[in-house]
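In what follows, every heavy atom counts, from backbone to side chain, and hydrogens, waters and symmetry copies are set aside.
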Amino acid sequence: MPAIPDRSAPDRPAGRLRTDPDSVERDLAKLVLTVVELLRQLMERQALHRVDKGDLTEEQEERIGMTLMILQRRMEEMCDRHGLRMADLNLDLGPLGTLLSPADEARR
């Protein structure tokens, strides 16, 4: 015998959009910060690759390291300002996994 659906809960799509100004601003900030974090990670990986290859002078390595540390700090400040955690920026890409690698998540 088939189960009788529960009609006590309203029929709503699971991912219904919230359009109040606070959630729209927070969601936009989350999207922008996610893109910036993805770019920061790509720059960091490229810098590490160049360091491993020996393509950079010691001064360039120092400058890139400081720049990446400052950018990381600014990302954390922006997340705090918008009530987000760095882990909130990790998008589920379905069969591809998540946007941030497990090593990146462990750092946060």
Side-chain angles (χ1 to χ4, degrees):
M1 180 176 217
I4 299 172
D6 179 15
R7 297 286 180 200
S8 62
D11 292 334
R12 284 192 197 165
R16 185 165 203 138
L17 291 174
R18 293 177 297 171
T19 56
D20 62 276
D22 291 336
S23 64
V24 169
E25 182 179 339
R26 185 173 187 268
D27 290 345
L28 179 60
K30 182 178 175 182
L31 175 63
V32 170
L33 290 172
T34 298
V35 171
V36 172
E37 176 62 10
L38 176 61
L39 293 173
R40 187 199 66 75
Q41 288 184 20
L42 292 173
M43 290 182 346
E44 183 177 311
R45 288 184 181 111
Q46 181 65 28
L48 289 173
H49 178 70
R50 291 187 67 195
V51 167
D52 289 343
K53 283 182 64 178
D55 287 351
L56 303 173
T57 66
E58 193 171 309
E59 182 181 315
Q60 289 171 321
E61 287 179 23
E62 182 75 25
R63 193 170 57 232
I64 288 172
M66 288 299 288
T67 300
L68 291 171
M69 284 176 22
I70 291 168
L71 182 54
Q72 175 65 33
R73 222 175 300 131
R74 296 293 183 266
M75 285 293 299
E76 291 168 358
E77 290 170 6
M78 293 294 294
C79 282
D80 286 344
R81 183 177 303 155
H82 293 283
L84 297 165
R85 297 171 300 131
M86 291 297 288
D88 294 333
L89 306 181
N90 197 3
L91 300 177
D92 182 0
L93 303 175
L96 298 175
T98 56
L99 182 65
L100 303 176
S101 70
D104 294 324
E105 276 293 299
R107 290 188 325 191
R108 304 194 194 303

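- Not counting sequence neighbours, the partners of Ile64 by the side chain to side chain contact (heavy atoms under 4.5 Å, CB included) test are Ala47, Leu56, Leu68.
- Distance check, rounded to the nearest 0.5 Å: CE of Met66 to CD1 of Ile70 gives 5.0 Å.
- With values rounded to the nearest 0.5 angstrom, Leu84 atom CG is found 6.5 Å from Leu33 atom CG.
- For Arg85, the side-chain hydrogen bond (donor to acceptor under 3.5 Å, both in side chains) test picks out Asp88, with sequence neighbours left out.
- In this structure Glu77 satisfies the salt bridge (Lys or Arg N to Asp or Glu O under 4.0 Å) test together with Arg74, sequence neighbours excluded.
- The side chain to side chain contact (heavy atoms under 4.5 Å, CB included) search around Val35 returns Leu39, not counting sequence neighbours.
- Within the 4.5 Å cutoff, no side-chain heavy atoms of Met78 are placed close to those of Val32.
- Annotation: salt bridge (Lys or Arg N to Asp or Glu O under 4.0 Å) contacts involving residues 61-70, sequence neighbours excluded, comprise Glu59-Arg63.
- Here the CD-CD distance, from Gln41 to Glu44, works out to 7.0 Å after rounding to the nearest 0.5 Å.
- Hydrophobic clustering, with ILVMFWY side chains joined whenever heavy atoms are under 4.5 angstrom apart, keeps Leu71 apart from Leu48.
- Rounded to the nearest 0.5 angstrom, Thr98 OG1 and Leu93 CG are separated by 7.0 Å.
- The environment of CD in Glu25 is sparse: at most 12 heavy-atom neighbours from other residues, nucleotides or ligands sit within 6.0 Å.
- Residues satisfying the side chain to side chain contact (heavy atoms under 4.5 Å, CB included) test with Leu38, not counting sequence neighbours, are Leu42, Leu99.
- The two residues Cys79 and Leu89 come nearest to each other via the heavy atoms SG-CD1, 3.9 Å.
- For Asp80, there are no salt bridge (Lys or Arg N to Asp or Glu O under 4.0 Å) partners two or more places apart in sequence or in a different chain.
- Using a 4.0 Å cut-off between charged side-chain N and carboxylate O, Arg40 and Glu37 make a salt bridge.
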